[in-house]
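Encoded as structure tokens, the structure appears first; notes follow it.
Any value given below was found using the heavy atoms of this structure, including those in side chains, with hydrogens, waters and symmetry copies removed.
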Amino acid sequence: MKAAKISFYGIISIITAMIFISGCNKSSDPIVARVGGRTITASEFERRFGQGRKTDEVRSATLEVKKEYLNKLIDEKLKIVSAYQSKLNEDDKITQLVNDRRKAQMFRRLIDLEVVEKIIPESRIKEYYQNSSKEVRIRQIVLKWDRLVAESKSDAFHRAKRLVQKLKMGESFAELAKTHSEDSETAKNGGNVGYLKWSPSAVQNPVFTAAFSMKQDETSQPIETDDGYYIIKVVHIKNYPSPPYEQEKEKIRQLIYRLHAEEIEQAYGQYLEDLKRKYRLKFNKDNIQHFVSRLNAPVDEKITLQEDIQAAKKTEKSVFDKFSTQDRARIVAELSFRSVNIGDVIAQINLLPRHRRPRFRTSEDFNQYLNQRIITLMILDHVLDAKKIEKDPIVVEQINSYEQSLLMRTIYQKQVKEQLTISEEDLLTYFEENREKYKHPPTREAKEIFVTDKSLAEKIVARARAGENFDLLFRQYNEKKSLEQDQGYLGFMSRGRAGFGKPVFETNVGGVTDPVRIGNGYSILKVLSEKPETLKTFEEAEKLVASRLNRERAAEREKQWLQELRKKIPVVIYDNHLEKTGKKFVGSDVIFVD
């Protein structure tokens with residue numbers, strides 16, 4: 001695939017004219033822009049444009065507003081194209097990061113397919129999505145039965161069937177509920193329950209599942225529950241607009257996942273045990289004991305073989321240097337598709353940072369680690385290959401997205417950040433040109449009295465404003481011991497100080513604030529004096545100056561770079577497709593029953 005992309009970019013100038021003759025897309029997702037060999041579809045634009053915006057704002061957006069945002073997406077595509085043209089995707093560091101992420105995503109996808117989706121199938125997510133975009137108002141008749149009486153359940157069922165027949169004959173549901181329902185709270189209101197809202201656990205409630213599958217004005221057959229039979233009537237259905245399914249899918253999945261977390265954890269454990277049986281896992285107790293004994297032997301134990309001495313010299317000293325070639329060849333576990341020797345174990349442990357490497361005091365410690373970590377990873381890795389999870393569309397999409405994000409950051413670093421050179425003279429010049437931006441804010445000096453009673457606080461404020469001595473009031477009423485050492489003196493504070501800054505700066509110097517609610521009580525503050533804002537010295541402002549100048553220079557360089565890319569990489573916008581986007585958009589501001 002990589003080679004195909006590179007060769008495509010090599011001949012892009014030849015076929016550009018042919019590609020851009022028409023913006024038509026054979027799929028149902030129109031293209032709003034082309035950037036080199038890459039496209040921006042209407043759905044991609046809507047998804048990104050709609051983030052953080054209200055439904056009406058997206059639907060009413062003008063073409064000019066959409067174009068302004070589209071240009072940001074085009075800039076991203078330009079960076080990605082430039083990164084591939086520069087063959088950054090072949091960089092060893094990036095390749096390693098992508099491969100590590102790919103393996104992690106493959107493991108996650110495998111567990112999703114083999115465990116999670118068997119407990120939470122997509123049909124369950126779609127059911128939640130469909131039902132949570134409405135509320136259903138019902139009336140109910142409840143006929144209870146006693147678990148301890150054999151005939152009770154049968155009797156309740158036959159009574160329910162008779163009531164259903166009466167309802168079919170046209171009798172009033174509300175009246176029958178008043179006279180026959182055994183749920184006292186709803187019976188007195190003609191069985192009115194109110195509106196039901198769907199939730200992750202609603203699927204376990206037969207009344208909910210029935211109600212959300214019925215039409216308005218429809219009456220159910222008797223519904224069996226743990227405590228009785230329910231007859232329900234759907235009185236009204238409220239329908240709400242919903243964001244697209246794909247947009248809500250993962251959010252819903254996480255809601256349901258929390259409900260089944262323990263079940264999924266158990267199923268995962270069982271899945272691993274089944275795989276270990278399938279691949280006929282066996283442990284070699286003697287070699288496991290040998291590993292632990294050798295590991296815990298004195299560090300200065302001599303290595304006798306010359307080849308092992310040479311190997312130890314070439315590697316960083318570690319607790320594993322004492323293991324000879326013969327030690328490393330000992331098999332500690334066997335699977336039907338491979339054996340696991342001590343060398344394999346050491347290699348896996350050495351991948352961990354030193355502070356995270358396990359210490360094995362006993363054979364049981366090592367056996368547990370071997371079984372739960374190393375064997376598990378080897379088996380799952382084998383299953384990944386067998387099931388070709390690397391080609392799963394979800395994995396491919398996730399990795400492509402990650403790789404492109406990584407490439408964008410890397411190419412930006414190389415083309416923008418690494419191109420900046422800012423000298424001490426540049427910083428001084430920028431500081432002098434923007435002198436008024438670097439100031440110490442004004443501060444105000446204040447004292448505090450703290451009491452827990454609001455009415456008392458208001459009386460203290462009134463007396464202080466009437467001219468009574470604030471220090472005497474402090475000694476008479478203050479209830480906070482931590483203030484006593486300095487007689488309530490707080491020192492100077494800026495406007496941004498949490499809790500006190502705003503009221504202190506809204507009160508004249510010499511004045512007293514209204515009571516300020518703090519924790520379980522009220523603070524009364526007297527403003528003593530004010531220090532006006534003062535200019536900072538260069539030394540005081542240097543870090544902030546450097547940060548601002550860096551940002552400005554980076555923005556200038558990025559703008560220049562993108563202009564250069566637009567000259568080299570063809571960009572075409574399809575106004576007719578862009579103008580149609582967002583007309584049916586539904587954002588997160590709509591009422592979505594949860």
Query - Minimum side-chain heavy-atom gap M214-I232 below 4.5 Å - result: yes
Query raised in the report: Which heavy atom of T55 sits nearest a heavy atom of G587, and at what distance?
Result: OG1-N, 2.8 Å
Query raised in the report: Any donor and acceptor pair, going by atom type alone, linking the side chain of E334 with main-chain N or O of L281 inside 3.5 Å?
Result: no
Query raised in the report: Does R109 come within less than 4.0 Å of E117, counting only side-chain N to carboxylate O?
Result: yes
Report task. In plain terms, say whether D112 and R253 are close enough for a salt bridge, that is, a side-chain N and a carboxylate O under 4.0 Å apart. Result -> yes
Report task. Kindly indicate whether a cation-pi arrangement holds for R139 with F173, taking the cut-offs as under 6.0 Å to the six-membered ring centre and within 45° of the axis. Result -> no
**Report entry** Option from V98, I394, N99 for which side chain to side chain contact (heavy atoms under 4.5 Å, CB included) with I399 holds
**Finding:** V98
Query - Any donor-acceptor N/O pair, S132 side chain to S199 backbone, under 3.5 Å - result: no
Query raised in the report: Hey, mind stepping through K251 and E248 against salt bridge (Lys or Arg N to Asp or Glu O under 4.0 Å) and telling me if it holds?
Result: CA-CA 5 Å; K251 188 192 302 181; E248 296 297 311; 3.2 Å; yes
Query - Student check: side-chain heavy atoms of Q85 and I569 closer than 4.5 Å - result: yes
Query raised in the report: Are there more than 12 heavy atoms of other residues, nucleotides or ligands under 6.0 Å from atom CD of E263?
Result: yes
Query - Sub-4.5 Å side-chain heavy-atom contact between D575 and K67 - result: yes
Query raised in the report: Any side-chain heavy-atom pair from V345 and Y369 closer than 4.5 angstrom?
Result: no
Query raised in the report: Hey, are the side chains of W198 and T209 touching, using non-hydrogen atoms and a 4.5 Å cut-off?
Result: yes
Requested in this report: Take atom CG of N550 as the centre, draw a 6.0 Å sphere, and report whether it contains more than 12 heavy atoms from other residues, nucleotides or ligands.
Outcome: yes
Query raised in the report: More than 12 heavy atoms of other residues, nucleotides or ligands under 6.0 Å from NZ of K583: is that the case?
Result: yes
Requested in this report: Check for a donor-acceptor pair, side chain of Q216 on one end and backbone N or O of I237 on the other, with a separation under 3.5 Å.
Outcome: yes
Query raised in the report: Does the pair D274/R277 count as a salt bridge with the N-to-O cut at 4.0 Å?
Result: yes
Query raised in the report: Do the ring planes of F49 and Y69 sit parallel (below 30°), tilted (30 to 60°) or perpendicular (above 60°)?
Result: perpendicular
Query raised in the report: With a 4.5 Å limit on heavy-atom distance, are the side chains of R34 and Y574 in contact?
Result: yes
Query raised in the report: Any donor-acceptor pair under 3.5 Å linking the side chain of D91 with the backbone of I94?
Result: yes
Query - Closest contact, heavy atoms only, V207 versus I223 - result: N-CG2, 4.3 Å
Query raised in the report: Got a second to check how far K417's NZ is from E558's CD, nearest 0.5 Å?
Result: 9.5 Å
Query raised in the report: Is there a side-chain contact between E114 and K387, using heavy atoms and a 4.5 Å cut-off?
Result: yes
**Report entry** 4.5 Å side-chain heavy-atom contact, I256 and V203
**Finding:** no
